[in-house]
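Convention: sequence-line order gives letters A, B, ...; per-chain numbering from 1.
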Protein chains: 2
Amino acid sequence: MARGNRVNEVKGKEPVNWESLASRIKKRIADNDPFFSLEFFPPRTEQGAANLIGRFDRMSQGGPLFIDITWHPAGDPGGDKITSSTKIAGTVSNYCGLETMLHMTCCKQSPETVNRHVEKTKSLGICNILALRGDADEDNWTFNENGFNYAVDLVKFIRKEYKDYFTICVAGYPNGHPDCSSYQEDLRHLKEKVDAGADFIITQLFFTAEEFLHFLSDCRKIGITCPIIPGIFPIQTNRSLVQLTKLSKLTIPDEIQKVIEPIKDNDAAIRNFGIDHATDLCRKLLDSGKVHGLHMYTLNLETATVQILKNLGLWSKTVPRPLPFQTSGNAERRANEEIRPIFWTDRPKSYIHRTIDWDEFPNGRWGDSASPAFGDLKDYHLFYLRSRTVKSKLRDQWGRELFSEQDVWKVFQNFITGHRNENGVKVTETPWCEDGLSAETNVLSEPLSKYNAIGVLTINSQPNVNGVPSTHPIFGWGDKGGYIFQKAYLEFFINKRYASALKKILPKYHPRVYYHMIDACGETDHTNADRNYPNAVTWGVFAGKEVLQPTVVDPISFIVWKDEAFALWTEKWAKIYEEGSASKQIIQDIAENYFLVNLVDNEFPNDNILWTVLDDMLATVADIKCNGSVTNGVAAQVNNSKELVQLNGDCSELNEATTKNGI
Amino acid sequence: MARGNRVNEVKGKEPVNWESLASRIKKRIADNDPFFSLEFFPPRTEQGAANLIGRFDRMSQGGPLFIDITWHPAGDPGGDKITSSTKIAGTVSNYCGLETMLHMTCCKQSPETVNRHVEKTKSLGICNILALRGDADEDNWTFNENGFNYAVDLVKFIRKEYKDYFTICVAGYPNGHPDCSSYQEDLRHLKEKVDAGADFIITQLFFTAEEFLHFLSDCRKIGITCPIIPGIFPIQTNRSLVQLTKLSKLTIPDEIQKVIEPIKDNDAAIRNFGIDHATDLCRKLLDSGKVHGLHMYTLNLETATVQILKNLGLWSKTVPRPLPFQTSGNAERRANEEIRPIFWTDRPKSYIHRTIDWDEFPNGRWGDSASPAFGDLKDYHLFYLRSRTVKSKLRDQWGRELFSEQDVWKVFQNFITGHRNENGVKVTETPWCEDGLSAETNVLSEPLSKYNAIGVLTINSQPNVNGVPSTHPIFGWGDKGGYIFQKAYLEFFINKRYASALKKILPKYHPRVYYHMIDACGETDHTNADRNYPNAVTWGVFAGKEVLQPTVVDPISFIVWKDEAFALWTEKWAKIYEEGSASKQIIQDIAENYFLVNLVDNEFPNDNILWTVLDDMLATVADIKCNGSVTNGVAAQVNNSKELVQLNGDCSELNEATTKNGI
């Protein structure tokens, strides 16, 4: 199967965003555009894995070209535990949306086992393998006539069986392989690996730029022409340094040993030294003009690596997004998924998880919310979706004890404003938005804060955008030179009284405003949209392309999302309180009685009318209450006397909001 | 097969624009939105058919709800001659893009024959049949136990075999069927036809409003509830009046006979009377509040019917277009074709013809120019594509004798400006644009006229448009409340020298300007576009929908179009001159040596840069010639000494153009 046709064969469509890692590396080198990659090892525990995934998300901000996951033979690397090498790599690729390379060893393994590993890697959408021999345990090792003896055998096997499906990387040893009799012999083995089909080389750690440059020159001399990327090991602790040099049979240079010895028990000092040392080393390499990429051995730690990359100016906070949502690193999915419902904007992992088994994105379009493959909510408590924050910290944010629904409204308001709450902490996440406020929401924070304060509990929003450049820092995505458009969007929970008022006034705004309003059980399900048609709410116009329309509001998938949105009240929020507590009851009451609403303003070139709609809703509620008169069946909805009493106290605030926000 | 699912079953996609005629009629009545339909009979000759098709195109401007084609038993109505009833109906539906109804008779025909006719009708994409008994020739007729005896048998047959695939219409007789023994018995037969499944009724001609309203009231009394549309017969000549009343066994009322008798040999006078009479009749019917639609017996004539409809205010010049191109009346195609290459904008019939056998518009998208089903040019000389203008008239427009290529340039300029040429006639068509200038091109006529004058022979163009309302008189299409966008587009023929200069300067404008430049034999084929991706150049954003992007510039289909575009020089233009003439040779030289170019300005929010590109091209050519210096291989291209001499005379004009048009 030729690489160029691969996605095509699978999907019957030309790949859109897919380009092999080998080709991307060559392009970056040709463009003199320096890059870096990050190596991690599989954590030992599930909690460690959860934390590591958070780290991947944060470190993806810096713009790594790829993430490299090591092969941990003792941890059942091809197995299904979340801590196995393949599982971690699959998570990075599919859920974190990062280009992923997986290490793989072959020595002392049967062809069947190796093939199973390669197959599994492929099935996870990973297209890059670092082919290694693995620990041979030389004393007990014997040459296996028909099996795998050296890394070159694995390279040959992958190339033979999978043609150019995979980008293959091999390891280079600036100081010779520890098991090899001589530096020259080791160079010859490296040449064999490249000749067998390896696309590029990553080196083992070294301590001086000269070591690497010497090695590089020797490689070129014997005809190794592929990219050679230096592996950079920032010294982070004395312990890890000693351990790694022992494994790689390297000697720590005296000048380093001398500095470290006196501070070896001072972790911070060692790390600072390590940062300075690695920064210097990298700068020399980059300045040589012969190095365009750096491979960072992170040791699963964040601070040192990020600091080094920042020092070098390689850490980028503004990676151009190919699409407005977090794309998948899975090659097939990335090539074919061009469209997503907006509802999962702040929960991309959940969306990916629920659609991961889709074997078809017809014509690259998201279009089958009715598919039985749209994952059930029962799969929802999976590892990836777990809250990474412990309950006590969540209680600090969301209220140690709740006395009324208004306490909940306040949490939403604090989340939007970033103000500290009564516990003196900032609300940095909500069940619907675990990664904090997006830049887009920030644009709207002033009006959002007002409406949240009075019970319009917003969980997703975007302003209207009328043709800003695709390089726009907040709204931009896709190629340079394009234009980005958005329809204003608002999604929120409201109580029954608000919902009744909203339902009453919405017909006035048809067809400008499309809406969908639903309760937890789906008994009430109002919309003015044609359920068969998604409404594109984000689109981009680019040179030489069809209009891309990656986010949509789709009535059918909204019903799928609804279950998740309501479940987050009970599964994430209610669960932080004790069984039978009043706090828990308040959250459960909201989950049972509130409505989930989305609004789209179709007239994107005009001022956002959604605030006017909300003001109109509030005015209608206020009329009913303040005048003491209730009309048009709204009376029947106002059946909660406690709410009515509370509302009396809010009347001036309601009116104030309506006045201030009127357009 | 249920109607609602029909297109769905065929295409695996929800229908987009398809709504049954029965349902559209009901909706227009419910909305109190009066409509009209036009009845034609198949012409006797091929030239008559060609003219009639031109008439369909013109009369479609008035916005008929549907076109009705009569069944002509003597003309092999189910056959494949262009003058047969089914062929004419198929042409109206597929090529003229109009909703079409076909009459069909059944009496004295075998079920096999009838089924063949219905199948053929279906295969042409026609969904509406007017079920008739046909001429029974009562004297020789005997009841056929297992066959078709009356129209009701045909209604039953169609409903049984095709469920609700077809909208079925039946005839009503305000004065009773000529073969029926009594008016009451005839009403009972009508009730039977409706009960058997007819969706609506069109009446035979009548002369007074009272006749129709009386009949309508009688129908309602016996429980006929479906729409009943009066058939309006404008008296156009004495001969046709006598003939028709004889056929329908009607008596011409005295008051009409009295008026007509003295003027019966004055066709104009009769027609004027007919217009006045029919206008009065229709006005009375519409004013009764009981009539919402009029069915016009046109007798294949245009003037009277159009005038009556204009008098009544029913003739609309501004029918909202569902898409920016002329859509097909073929139900399946209409429901699924949402996108077309821009190249055929002014030759929609050719495009439809060349793609008519496509059995798939994948996901409603045009996306398969590589399909082997993209009709060959060999099919091109088909009836539909024939020039409707006789050669002598074309010579008057395009030059009775040509002396140089500049004479040809002048033709293009005259076409754009609308000025009279040296023969005192206006150039109202070109081979690439048979229906005159579009309103869009008119917007650009000033710059286009200048560039055509100096040999940039434009055949297609559109200005950039940045979000005008979808109701815009020139650029609007689709539902109300939407926004329309366009990228500036220009397509033209230029000589080799211009092409060399253009090729030289175009890289400066990448990626803002996408281009494609090709010669007749395809030897030179330059583009900066990715050949796999169409570039959307017209799109619309509507409430509650995905972005519609109906016209694209597509590199692959451009190559298909290229053959047609070059062939039009030789097949349409060169052919008006005698074999061996100098005029013919000039056209053939152009066809062989010129380049076909298209340009797209991707930055639609900014001023159209394509004029700047042309000015740059002209300046480059002028530099080469005026300075006497030739650079960068352009010399090699300037191999036609005759052209060089001619160009010397143009130099000032070139420079002038560059100055005037500089942005």
Side-chain angles (χ1 to χ4, degrees), chain A residues 8 12-16 339 362-367 370 466-469 479-483 485-487 509-516 527-555 600-606, chain B residues 8 12-16 339 362-367 370 466-469 479-483 485-487 509-516 527-555 600-606:
Chain A
N8 204 17
K13 182 172 185 285
E14 288 293 311
V16 174
I339 185 162
N363 271 321
R365 304 176 64 173
W366 176 91
N466 189 9
V468 302
D479 293 344
K480 269 191 250 177
Y483 298 94
F485 296 82
Q486 292 186 171
K487 291 179 180 176
Y509 300 92
H510 178 83
R512 176 163 181 176
V513 175
Y514 270 47
Y515 65 90
H516 202 148
T527 181
N528 60 340
D530 184 321
R531 288 177 195 261
N532 293 316
Y533 297 113
N535 189 353
V537 291
T538 307
W539 64 101
V541 182
F542 298 92
K545 283 192 178 166
E546 288 187 89
V547 178
L548 303 179
Q549 31 191 330
T551 40
V552 297
V553 168
D554 165 75
V600 177
D601 177 4
N602 287 299
E603 296 192 7
F604 61 94
N606 301 325
Chain B
N8 204 16
K13 181 173 185 288
E14 289 293 311
V16 174
I339 184 162
N363 271 321
R365 305 176 63 172
W366 176 91
N466 190 8
V468 302
D479 293 343
K480 268 191 250 178
Y483 299 94
F485 296 81
Q486 293 186 171
K487 292 179 179 176
Y509 299 93
H510 178 81
R512 175 162 181 177
V513 175
Y514 269 48
Y515 65 90
H516 202 148
T527 180
N528 60 340
D530 185 321
R531 287 177 195 262
N532 294 316
Y533 297 114
N535 190 353
V537 291
T538 307
W539 63 100
V541 183
F542 298 92
K545 284 190 178 167
E546 287 188 89
V547 179
L548 304 179
Q549 31 190 332
T551 42
V552 298
V553 168
D554 164 75
V600 177
D601 178 4
N602 287 299
E603 296 192 7
F604 61 95
N606 301 325

### Query
Looking only at atom types and distance, does a side-chain atom of A/Asn535 sit under 3.5 Å from a main-chain N or O of B/Ala543, one as donor and one as acceptor?
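No: the side chain of A/Asn535 does not pair with the backbone of B/Ala543.
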### Query
Within the side chain of A/Gln549, is there an N or O that forms a donor-acceptor pair under 3.5 Å with the backbone of B/Glu546?
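Judged by distance alone, no pair lies under 3.5 Å.
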### Task
Could you grab the distance from atom CG of B/Asn606 to atom OH of A/Tyr483, nearest 0.5 Å is fine?
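That separation rounds to 4.5 Å.
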#### Entry: Part of A/Lys487 lying under 4.5 Å from any heavy atom of chain B
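For A/Lys487, the contact with chain B is made by the side chain alone.
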### Max heavy-atom pair count under 4.5 Å with chain A, selected residue of B/Val600, B/Val513, B/Val541
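Most pairs with chain A among the choices: B/Val541.
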### Query
Can you find a pair of side-chain heavy atoms, one from B/Asn602 and one from A/Phe542, that are under 4.5 Å apart?
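Side-chain contact under 4.5 Å: no.
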### Query
Does any heavy atom of chain A fall under 4.5 Å from the side chain of B/Phe485, the backbone, both, or neither of them?
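Only the side chain of B/Phe485 comes within 4.5 Å of chain A.
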### Query
Which answer fits B/Val547, side chain, backbone, both or neither, if we ask what part of it has an atom under 4.5 Å from a heavy atom of chain A?
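For B/Val547, the contact with chain A is made by backbone and side chain together.
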### Message
Under the rule for salt bridge (Lys or Arg N to Asp or Glu O under 4.0 Å), what residues qualify as partners of B/Asp530, not counting sequence neighbours?
### Response
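Applying salt bridge (Lys or Arg N to Asp or Glu O under 4.0 Å) to B/Asp530 gives none.
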#### Entry: Non-neighbouring partners of B/Arg512 that pass salt bridge (Lys or Arg N to Asp or Glu O under 4.0 Å), sequence neighbours left out
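With sequence neighbours excluded, B/Arg512 shows a salt bridge (Lys or Arg N to Asp or Glu O under 4.0 Å) to B/Asp601, B/Glu603, given in chain and number order.
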### Query
Any idea which heavy atoms bring B/Gly544 and A/Tyr533 closest together, and the distance?
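Smallest heavy-atom distance, with atoms named: O-CB, 3.9 Å.
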